[in-house]
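Note on naming: letters A, B, ... go to the chains in the order of the sequence lines (proteins, then strands), and numbering restarts at 1 for each one.
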Amino acid sequence: MSPQLELRLPDGSIRQVAPGTTVRQVAADIGPGLAKAAVAGEIEGDVIEIDRPIESGGAFRILTARDEDALHVLRHSAAHLLAMAVLDLFPGTDLGFGPATDDGFYYDFRTPRQIVEEDLPKIEQRMKEIVKEKRAYARVEVDRSGAKERLQGLGFELKIPHVDEIPEDVISFYDSGTFTDMCEGPHVPDTGWIEHIKLLSVSGAYWRGDASGVPMQRVRGTAFFGKKELKAHLERIEQARLRDHRKVGREMDLFSLHAEGPGFPFWHPKGAILWNALEGLVREELLARGYGEVRTPTVLSDELWKRSGHWDHFKDDMYFMEIDERSFAVKPMNCPGCCLIYGSKPHSYKELPLRMAEFGGVHRNEMSGVLHGLLRVRAFTQDDAHVYCTEEQLEDEIGDMLDMTRAIYDAVGFHDIKTRLATRPEDAMGDPEAWERAEKALGSALDKNGFEGWTLAPGEGAFYGPKIEVHVTDALGRSWQCGTVQVDFSMPERFGLEYTGRDGAKHTPVMIHRAILGSMERFVGILIEHYAGKFPLWLAPVQAKVLSITEKQADYALEVSRQLQAAGVRAEADIRGDKVGSKIRDATLERVNYMLVVGGREAESGQVDVRTRAGDRLGAMSPDEFVARALAEIRNRA
RNA sequence: GCCGGUGUAGCUCAGUGGUAGAGCAGCAGUUUUGUAAACUGCAGGUCGUCAGUUCAAUCCUGACCACCGGCUCCA
């Protein structure tokens, strides 16, 4: 009698099974319904397919279509399915990698001829045929040399060198009919599971992301267990397209981009309102939290950038120029300038923490291919700050920064915030013990300020110190990294910054860099997409529009709009000869928050008939009454 | 930077080897209108830039510029 394995199920019950029992058998044993719904199994966190024999005991669960991890399995299998179809249609294709991603899957191919957009429907069609065949994903295990032989035989040459990089000695292949791919798995039982798929794009990629390496083509797609989920996902993509900040920005006349300055956005008056509103919000917090605001020059001597270390790490991204036979650089960061301010006079420990904020415009020569609207630019303004303090003050300071971050994100409407703590990388400089203390201070500050859910990103810190990354989730569920808090042991030293301690001796302060919105440009872009241009009143470029019903009310409409402007409400008047329905349509498309309709009745009684952007009628009221309402709403940032 | 695609009026887009159109927006007039599109007319373009092929190029070729999608969440 063989020893039994012990499986701990999610409900706490224990099941004894013989070694070699498959996941499917366990599921069937629990219930026939579960056996049918089972996609894969999970033992001690390792996902395995349903026909794999169970070799060890431990925490066990059956994954069904409802599990997030199962979706990942499905999509990985979908990537294989894609490769099957491409190999059928493009014989002689070599395979790259084909993983599942957060929202779908892709596979990289080297094909005899280019795959073009028009090929996607054909590939998708072929995939659907293979789905109907219900081809199994049969796992085959071989050793290292067997793997190479197999790949050689299949003509998959790119993957051959990769075999040596696989740590395990047992290498698995998955056979599905005529198709075979070296793959770690796991997979769904057969292709019949992958009914709901959509190919989305074909684009360039490189073998292992190396731009000097083999060029390949990446086909991207997505897959879901259910038709409804796929449909919802495609609708979300369409939603994202509709709220694309480049499109909305043009429609609302917020900003423009020109060939004369690629990556250098031009802000129009209405876009500048958003910018100024955000700056105002941040300034309020700065004042309340004891920051001073500084401004440092855009162009500074080369020598400064050599001293700061940017020359070594950042030179390729910087702009240079010659002035009076001296070499200057356009600043890519604000910190060195701020350090010059700190160093301009002696400091006492009593001044610490010394907090200096700067809305600092920086230029970075990003690669031309990565530019993207406001989200990836070459000139941007950071809501930057540098705090000089003692190591003992780190935790409280970081805590206050996190608190400020939360306050600001709350005000702009981002309530779902995620944080990551990035720790000491390989090439770190400075005392490892100081690193450890700083990492502890960052973690502890996160815990004490309501960010207990933070995740650890080992080795992802900057070379000069650990950092916290702050991510926000937008209305479409997308995550954006905006804020960052970075401890810096290096720069104060490089600049010889000092303070006099209680002991009368000179000490080097620790420096914290932090930004909350990150880049103003990018943040406005994110906000545009978050709100789809339908901003809350305090941010809205045009808060109210007075619409005359006939030309007889033109003067009254203009008078009302001037009255609103004088009271601090951003108002316009539409006195064109069009019918009011047409003006309402236009104002709605412009995403104006309030429409104040004025006809004969209102002109007579000195009132306005208020309609919201959403179409609600608030009824007639005096302009003063409307102003009071609007100002209250603006004040509350509702 | 690299791969692929795109570039025609302010916007969305047709179109052709013989120097260009529509809708919306704009302007003018008519209408004087009550909560998401009144009617008529007018104006608007070096067809991204520069070269080449051709009797002739917005169209074909090349270079450049800009934009769009992407460029390892590892078999």
Side-chain angles (χ1 to χ4, degrees), chain A residues 72 75-76 79-80 95-108 110 114-118 144 147-148 150-151 156 158-168 171-174 181-185 200-220 241 244 246-247 250-251 253 256-263 316 365-373 547-554 576-590 595-602 609-620:
Chain A
H72 204 261
R75 287 168 171 173
H76 188 185
H80 272 229
L95 299 179
F97 294 149
T101 62
D102 279 348
D103 51 8
F105 62 88
Y106 66 81
Y107 215 118
D108 289 343
R110 185 165 61 167
Q114 293 279 353
I115 300 174
V116 294
E117 199 91 11
E118 290 75 50
R144 216 171 283 279
K148 286 184 193 170
R150 256 184 104 112
L151 288 172
F156 298 157
L158 287 170
K159 284 188 181 182
I160 293 174
H162 187 75
V163 171
D164 290 322
E165 291 170 34
I166 297 174
E168 293 82 23
I171 292 170
S172 54
F173 281 71
Y174 281 81
D181 192 8
M182 179 169 81
C183 173
E184 191 175 23
L200 296 169
S201 70
V202 53
S203 58
Y206 293 94
W207 172 237
R208 322 196 82 180
D210 176 5
S212 61
V214 180
M216 306 195 71
Q217 281 186 289
R218 174 165 301 180
V219 178
R220 288 171 170 274
R241 204 180 61 78
D244 188 313
R246 294 167 297 187
K247 173 178 147 72
R250 189 170 49 236
E251 286 167 359
D253 197 16
S256 57
L257 293 157
H258 302 267
E260 289 83 350
D316 292 343
N365 187 14
E366 301 283 350
M367 290 193 296
S368 59
V370 304
L371 301 179
H372 181 92
L547 313 179
S548 57
I549 287 180
T550 75
E551 284 170 5
K552 290 198 189 82
Q553 294 91 42
R576 293 175 301 173
D578 296 298
K579 291 169 79 162
V580 73
S582 165
K583 295 183 185 184
I584 284 176
R585 185 185 142 83
D586 287 346
T588 306
L589 292 175
E590 285 166 36
M595 291 158 228
L596 314 188
V597 175
V598 295
R601 287 199 297 272
E602 288 76 17
D609 190 9
V610 181
R611 179 193 160 105
T612 69
R613 182 170 55 196
D616 296 327
R617 301 277 298 266
L618 303 185

(request) May I ask you to test the Asp164(A)-Lys148(A) pair for a side-chain heavy-atom distance under 4.5 Å? (result) yes
(request) State, yes or no, whether a side-chain contact exists between Arg218(A) and Ser201(A) at a heavy-atom distance under 4.5 Å. (result) no
(request) State, yes or no, whether a side-chain contact exists between Gln114(A) and Val202(A) at a heavy-atom distance under 4.5 Å. (result) no
(message) Can you check the distance between A75(B) and C59(B), where both ends of the measurement are the C1' atom (answer in whole Å)?
(response) 48 Å
(request) Answer yes or no: is there an ion pair linking Asp244(A) with Arg246(A), defined by an N-O contact shorter than 4.0 Å? (result) yes
(message) Within the 4.5 Å heavy-atom criterion, are Arg611(A) and Leu547(A) side-chain neighbours or not?
(response) no
(request) Under 3.5 Å for both distances, Watson-Crick or G-U wobble, that's the pair rule; now give the dot-bracket for RNA chain B, with | marking pairs to another strand and [ ] for crossing ones. (result) (((((((..((((....[..)))).(((((.......))))).....(((((..]....))))))))))))....
(request) Using the C1' atoms only, state how far U16(B) lies from A57(B), rounded to an integer number of Å. (result) 11 Å
(request) Under 4.0 Å between any heavy atoms, over every strand shown, what does Arg241(A) touch: base, sugar-phosphate, or nothing? Just pick one. (result) nothing
(request) Please determine, by modelled atom types, if Thr550(A) and Gln553(A) share a side-chain donor-acceptor pair under 3.5 angstrom. (result) yes
(request) In whole angstrom, give the distance that lies between atom CZ of Arg250(A) and atom C1' of G10(B). (result) 10 Å
(request) Using the six-membered ring wherever Trp is involved, compare the ring planes of His162(A) and Phe97(A) and label them parallel, tilted or perpendicular (cut-offs 30° and 60°). (result) perpendicular
(request) May I ask you to say what Arg617(A) touches in the nucleic acid, namely base, sugar-phosphate or nothing, with a heavy-atom cut-off under 4.0 Å? (result) base
(request) With heavy atoms under 4.0 Å as the rule, sort Gly600(A) into base, sugar-phosphate or nothing. (result) base
(message) Whether the side chain of Glu602(A) and the base of G34(B) hold a donor-acceptor pair under 3.5 Å is what I'd like checked.
(response) yes
(message) With heavy-atom distances below 4.5 Å as the criterion, would you say the side chains of Tyr106(A) and Pro99(A) are in contact?
(response) yes
(message) I want to check something: taking the side chain as every heavy atom from C-beta on, are Met595(A) and Thr588(A) in contact at a cut-off of under 4.5 Å?
(response) yes
(message) Assess the residue pair Arg144(A) and Ile166(A) against the criterion (side chain to side chain contact (heavy atoms under 4.5 Å, CB included)); give the C-alpha distance rounded to whole Å, side-chain angles, the decisive distance to 0.1 Å, and a yes or no.
(response) CA-CA 9 Å; Arg144(A) 216 171 283 279; Ile166(A) 297 174; 4.3 Å; yes
(message) With a 4.0 Å cutoff (strictly under), does any side-chain N or O of Arg576(A) reach OP1 or OP2 of G26(B)?
(response) yes
(request) Quick one: label Glu251(A) by what it contacts on the DNA or RNA (base, sugar-phosphate, nothing), any heavy atom closer than 4.0 Å. (result) nothing
(message) When the P atoms of C3(B) and G62(B) are compared, how many Å lie between them, rounded to an integer?
(response) 15 Å
(request) Find which nucleotide of RNA chain B each of Gly373(A) and Met216(A) is nearest to by heavy atoms, and output the residue with the more 5' nucleotide. (result) Met216(A)
(message) Nearest to the side chain of Arg246(A), heavy atoms from C-beta on, is which of A36(B), C68(B), U32(B)?
(response) C68(B)
(message) Salt bridge or not between Arg75(A) and Asp103(A)? Use side-chain N to carboxylate O under 4.0 Å.
(response) no
(request) Check the distance between C24(B)'s P and Glu590(A)'s CD and give it to me in whole angstrom. (result) 18 Å
(request) Would you mind telling me which of C11(B), G34(B), C67(B) lies closest to the side-chain atoms of Ile549(A)? (result) G34(B)
(request) Summarise protein proximity over nucleotides 70-75 of chain B in one line of letters, 5' to 3': B for base, S for sugar-phosphate only, - for none, counting protein heavy atoms closer than 4.0 Å. (result) BBBBSB
(request) Heavy atoms only: give me the nearest Gly373(A)-Leu257(A) pair and the separation to one decimal. (result) CA-CD1, 3.8 Å
(message) Measure CG/Asp586(A) against P/A25(B) and give the value in whole Å, please.
(response) 7 Å
(request) Could you tell me the separation between the CG atom of Asp244(A) and the C1' atom of C67(B), rounded to a whole number of Å? (result) 12 Å
(request) Flag the pair Phe156(A) / Met182(A) as yes when at least one side-chain heavy-atom distance between them is below 4.5 Å, and no otherwise. (result) no
(message) Determine whether Leu95(A) and Lys159(A) satisfy the following criterion, side chain to side chain contact (heavy atoms under 4.5 Å, CB included), listing intermediate values before the conclusion.
(response) CA-CA 7 Å; Leu95(A) 299 179; Lys159(A) 284 188 181 182; 4.2 Å; yes
(message) Is there a side-chain contact between Arg613(A) and the phosphate of A36(B), meaning an N or O under 4.0 Å from OP1 or OP2?
(response) no
(message) Taking any heavy-atom pair under 4.0 Å as a contact, classify Pro215(A): base, sugar-phosphate, or nothing.
(response) nothing
(message) Can you measure Asp616(A) atom CG to A36(B) atom P for me and round it to whole angstrom units?
(response) 12 Å
(request) Could you tell me the separation between the CD atom of Glu551(A) and the C1' atom of A38(B), rounded to a whole number of Å? (result) 13 Å
(request) Can you sort out which residues in residues 577-584 of chain A have a heavy atom within less than 4.0 Å of RNA chain B? Ascending by number, please. (result) Gly577(A), Lys579(A), Val580(A), Gly581(A), Ser582(A), Ile584(A)
(request) Between U6(B) and U12(B), how far apart are the C1' atoms? Round to whole Å, please. (result) 15 Å
(message) Whole angstroms only, please: what is the CG-P distance between Leu257(A) and G10(B)?
(response) 17 Å
(request) Measure from NE2 on His258(A) to C1' on G48(B) and round the result to the nearest Å. (result) 15 Å
(message) Could you tell me how far C24(B) sits from A38(B) if I compare only their P atoms? Round to whole Å.
(response) 11 Å
(message) Distance check, C1' atoms only: U58(B) and C50(B), in whole angstrom units.
(response) 15 Å
(request) Can you tell me, in whole Å, how much space there is between the P of C60(B) and that of A14(B)? (result) 15 Å
(request) Take atom P in G41(B) and the same atom in A22(B), then report the distance between them in whole Å. (result) 12 Å
